[in-house]
Chemist: 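Quick one: the structure is below, questions incoming.
Please read these numbers as outputs of a predicted model, since none were measured by experiment. For reference, positions follow the sequence shown, starting with 1.
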Amino acid sequence: MLKRKVPCHNKRKNWALNPASKNSGSKERVVARLINIGDTLILEPMDTDSPEQYKCRLVEYNEKELYIDYPIHLETNKTVFLVNGTQLRGSFVTKEGISYLFDTEIIGRLKQNIPMLILPFPTKDQLIKNQRRQYVRVAACIDIAIHPIPNEYIPFTAMTIDISAGGAAIVIPKSIELAEDILAELTLVLPLQNGEYYYPKLRGKGIKILELNKTYNKLIIQFVDVSPKNRQLLLRYCYDIQLSYKKKE
């Protein structure tokens, strides 16, 4: 296999998402100094039965490609071997605390001083920007089963009108009388972009109840004691919704 020549950059320089050439189509690349060589990227496979996360390091770049070291599984701490064509969701955080997410894939591998995997540059339309440590709330109507703790109320099903990785707003009939500080076991139905359905079980705490209209109230609920696996699943779902918004723009 022919070795691919990677341009040498000073490691103090930041990764710049350079504008695409005139032949690259209408999607121009984002121009921004976002991440230093040596910084961490988090990758998540898009076609798995359960969410997983891998950690890797940005080793080098050129105008069309990113070069990363072999990823490490965050739970097992073992090296992950990814084949060409593996679909991934990537994220990184800038020194200003801004988190960027993007869809990507493995397009090749390269062995120089260390073995590396190759990713394409993300385009402007692929990048989703979020403030670090904040959960973005998105409008979404998904089914949710609510089992109050203790059994003060009869379990019931409802639908969300928005959701984040930290909580949800749920539409409930006024005929169902609940305390604002209700504690409940929740089961969500999350349809992901890959066509799979997931059913995370969460615990939720009521924050407040607001009147929505003459027939329905809106229950604001906070997710508590969320496992890292379920948190990542919720983040993944919210990202899918955000990405669908951008595609409609």
Side-chain angles (χ1 to χ4, degrees), residues 42 44 46 48-53 74-75 89 91 93 96-101 128-246 248:
I42 301 296
E44 177 191 344
M46 297 178 65
T48 57
D49 292 334
S50 59
E52 296 180 353
Q53 283 188 306
L74 285 181
E75 291 187 4
R89 183 150 296 155
S91 65
V93 179
E96 291 82 14
I98 307 299
S99 175
Y100 287 87
L101 301 94
I128 300 290
K129 182 176 74 172
N130 293 320
Q131 292 293 330
R132 194 179 186 186
R133 296 189 181 94
Q134 290 185 355
Y135 300 124
V136 174
R137 188 173 293 273
V138 296
C141 297
I142 61 173
D143 293 322
I144 182 170
I146 302 170
H147 296 262
I149 305 172
N151 298 323
E152 298 179 1
Y153 310 97
I154 298 175
F156 62 96
T157 59
M159 184 167 287
T160 67
I161 53 175
D162 61 54
I163 190 171
S164 76
I170 303 168
V171 177
I172 56 173
K174 287 187 174 181
S175 58
I176 299 177
E177 296 183 1
L178 300 174
E180 280 194 333
D181 59 352
I182 180 177
L183 188 63
E185 297 286 352
L186 312 171
T187 302
L188 304 177
V189 181
L190 295 182
L192 296 188
Q193 196 176 49
N194 62 6
E196 297 287 340
Y197 282 78
Y198 292 89
Y199 305 88
K201 296 183 182 297
L202 309 167
R203 178 164 291 198
K205 179 182 179 182
I207 302 300
K208 57 185 174 181
I209 296 176
L210 304 172
E211 185 177 23
L212 194 60
N213 54 42
K214 293 181 179 181
T215 309
Y216 293 97
N217 286 329
K218 179 169 68 173
L219 169 64
I220 307 298
I221 204 161
Q222 178 184 5
F223 302 143
V224 295
D225 300 326
V226 183
S227 68
K229 178 179 176 180
N230 281 337
R231 185 81 74 188
Q232 183 60 28
L233 186 58
L234 290 164
L235 287 168
R236 181 175 173 181
Y237 174 76
C238 292
Y239 174 82
D240 281 353
I241 297 297
Q242 288 179 276
L243 194 60
S244 69
Y245 290 163
K246 294 200 74 171
K248 292 177 182 178

Chemist: More than 12 non-hydrogen atoms from neighbouring residues, nucleotides or ligands closer than 6.0 Å to CD1 on I154, yes or no?
Modeler: no

Chemist: Please examine the side chains of Y199 and L190, heavy atoms only from C-beta on, and report whether any two atoms are closer than 4.5 Å.
Modeler: no

Chemist: Please report the closest heavy-atom contact between I172 and A158, naming both atoms and the distance.
Modeler: CG2-CB, 4.4 Å

Chemist: Quick check for you: to the nearest 0.5 Å, what is the distance between K208 atom NZ and L219 atom CG?
Modeler: 11.5 Å

Chemist: Hey, what do you get for CZ (F223) to CD1 (I163), rounding to the nearest 0.5 Å?
Modeler: 4.5 Å

Chemist: For atom NZ of K174, decide whether the heavy atoms of other residues, nucleotides or ligands shown that lie under 6.0 angstrom number more than 12.
Modeler: yes

Chemist: State the NZ-CD distance between K218 and E211, to the nearest 0.5 angstrom.
Modeler: 11.5 Å

Chemist: Could you grab the distance from atom NE2 of H147 to atom CG of L183, nearest 0.5 Å is fine?
Modeler: 13.5 Å

Chemist: Going by heavy atoms in the side chains, are D143 and M159 under 4.5 Å from each other?
Modeler: yes

Chemist: Rounded to the nearest 0.5 Å, what's the gap from CD1 on I149 to CD1 on I146? Could you check?
Modeler: 12.0 Å

Chemist: Treating T160 as the side-chain partner and A140 as the backbone partner, does any N or O pair qualify as donor plus acceptor under 3.5 Å?
Modeler: yes

Chemist: Write down the atom of R137, the atom of S164, and the distance for their closest heavy-atom approach.
Modeler: CA-CB, 3.8 Å

Chemist: Heavy atoms only: give me the nearest E180-I209 pair and the separation to one decimal.
Modeler: OE2-N, 3.1 Å

Chemist: Taking all non-hydrogen atoms of both residues, which atom of P155 and which atom of P148 are closest, and how far apart?
Modeler: CA-CD, 4.0 Å

Chemist: Would you say K229's side chain and P200's backbone share a donor-acceptor pair under 3.5 angstrom?
Modeler: no

Chemist: Nearest heavy-atom pair of L235 and A165: which atoms, and what distance?
Modeler: CD2-CB, 3.6 Å

Chemist: For residues E185 and R203, determine if any side-chain heavy atom of one lies less than 4.5 Å from a side-chain heavy atom of the other.
Modeler: yes

Chemist: Between I161 and Y216, is the side-chain contact (heavy atoms from CB on, under 4.5 Å) condition met? List the steps.
Modeler: CA-CA 12 Å; I161 53 175; Y216 293 97; over 6 Å; no

Chemist: What do the steps show when you test R89 against D240 for salt bridge (Lys or Arg N to Asp or Glu O under 4.0 Å), and what is the final call?
Modeler: CA-CA 10 Å; R89 183 150 296 155; D240 281 353; 2.7 Å; yes

Chemist: Hey, could you give me the CD1/CD1 distance between I221 and I170, rounded to the nearest 0.5 Å?
Modeler: 4.5 Å

Chemist: Write down the atom of Y153, the atom of A179, and the distance for their closest heavy-atom approach.
Modeler: OH-N, 3.1 Å

Chemist: When you compare the side chain of L234 with that of L188, does any pair of heavy atoms fall below 4.5 Å?
Modeler: yes

